[in-house]
Amino acid sequence: MPPAAGPLDPCRLETRERALVVMALAQRGAEAAALLAGLAGPSGARCAAAAAELSALPGAARAALLAREAARLFAPLPANLERVHPSWLAAALGDVPPALRRALVTMLPPATRAALTAPEDGGPPARPAPAMLAALTRRAFGALCAMPDGDPPAADARVEELPRLPAPALEERLAALGRERAAAALRGAPRPALAALCARLPREEAAAVVALVGAAAGAGPDHAGLRELGDA
């Protein structure tokens, strides 16, 4: 299994930021960190730090990480989608016609299919061409968070490690903290980590978390621009 954390971890960088880092290193090499540092706001600092960390790796290790991330960025589904709470996947399917919905569900990891298959979904799936099905899959689910690799963290985990917890354990951890302590702990979390954490929870509970954190941080319920609590 890959390391639990790294310069391209989804809890450290949003999808667009990981893409920028990969492209900058591929095109500019050692100059990538300085180039990315020119991006405005926290995003620039995060991208520059990741590029510098990758640049310090041996060439073969860096190339392997970049190739792996490039493959993930071009894949129809975000990485580790089985870790996203099924309520987000159901919402992503929205008003998709039943036959096409059944076809899209077949593209999901086996662990998530059962949660999205209702008893009345017994009809045949649509059968678009493979390239079209991949494009429709990316359109339906591509805005959801890529989730981090790695095993569940220890009891004293940092906020950035919490999205690796199973959803029930994460809900228990937040409940044990209490509303005030949870808000204080989460309000300083990087946007990617908060988005991944919310993706682990049912959508209704995630919205409550964002509203709570936003209030604690003096922001609105759309804390840190998490319009969809994901990478859209």
Side-chain angles (χ1 to χ4, degrees), residues 1-84 107 109 130-131 134-153 157-164 186 188-200 223-232:
M1 177 173 286
L8 295 171
D9 189 284
C11 289
R12 292 179 57 178
L13 298 176
E14 301 174 34
T15 297
R16 60 176 65 85
E17 292 170 343
R18 297 196 304 277
L20 283 170
V21 170
V22 170
M23 289 189 295
L25 282 165
Q27 296 294 322
R28 302 296 289 270
E31 300 175 5
L35 176 68
L36 293 167
L39 296 173
S43 183
R46 289 197 298 261
C47 289
E53 196 172 331
L54 285 161
S55 295
L57 294 175
R62 180 173 61 253
L65 277 176
L66 292 177
R68 177 173 176 267
E69 187 59 35
R72 286 186 160 191
L73 289 167
F74 282 100
L77 294 172
N80 298 317
L81 193 66
E82 66 276 6
R83 297 187 174 192
V84 172
M107 299 290 284
L136 291 169
T137 301
R138 188 176 293 111
R139 181 178 180 84
F141 302 114
L144 297 174
C145 276
M147 300 299 284
D149 296 312
D151 298 322
R158 294 172 295 131
V159 169
E160 293 87 342
E161 297 173 312
L162 291 180
R164 294 187 181 87
L186 296 175
R191 182 182 188 272
L194 184 56
L197 184 148
C198 287
R200 262 303 205 182
H223 172 67
L226 286 165
R227 288 188 303 276
E228 298 186 27
L229 305 179
D231 290 336

Closest approach of [X] and [Y], non-hydrogen atoms and distance?
X	Y	answer
Ala48	Ala33	CB-O, 3.5 Å
Ala146	Pro10	O-CB, 3.2 Å
Leu13	Arg18	O-NH1, 2.8 Å

Salt bridge (Lys or Arg N to Asp or Glu O under 4.0 Å) contacts in which one or both residues fall within residues 50-66, not counting sequence neighbours: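 Residue pairs with at least one partner in residues 50-66: Arg12-Glu53.
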Side-chain heavy atoms of Pro42 within contact of Arg191, under 4.5 Å: no
Distance-only donor-acceptor hits, side chain of residues 73-82, under 3.5 Å, sequence neighbours excluded:
residue	atom	partner	partner atom	Å
Asn80	ND2	Met147	O	2.8
Asn80	ND2	Pro148	O	3.3
Asn80	ND2	Asp149	OD1	2.8

With sequence neighbours excluded, residues passing side chain to side chain contact (heavy atoms under 4.5 Å, CB included) with Ala193: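 Scan of Ala193 (side chain to side chain contact (heavy atoms under 4.5 Å, CB included), adjacent residues dropped) gives Cys11, Glu160, Pro190.
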Contacts of type side-chain hydrogen bond (donor to acceptor under 3.5 Å, both in side chains), residue Ser43, not counting sequence neighbours: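 Scan of Ser43 (side-chain hydrogen bond (donor to acceptor under 3.5 Å, both in side chains), adjacent residues dropped) gives Glu17.
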Partners meeting side-chain hydrogen bond (donor to acceptor under 3.5 Å, both in side chains) with Arg200 (sequence neighbours left out):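 Partners of Arg200 under the side-chain hydrogen bond (donor to acceptor under 3.5 Å, both in side chains) test: none.
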Taking distance alone, no hydrogens or angles, what donor-acceptor pairs closer than 3.5 Å link side-chain atoms of residues 20-28 to residues at least two apart or in another chain?
residue	atom	partner	partner atom	Å
Arg28	NE	Glu31	OE1	3.1
Arg28	NH2	Glu31	OE1	3.0

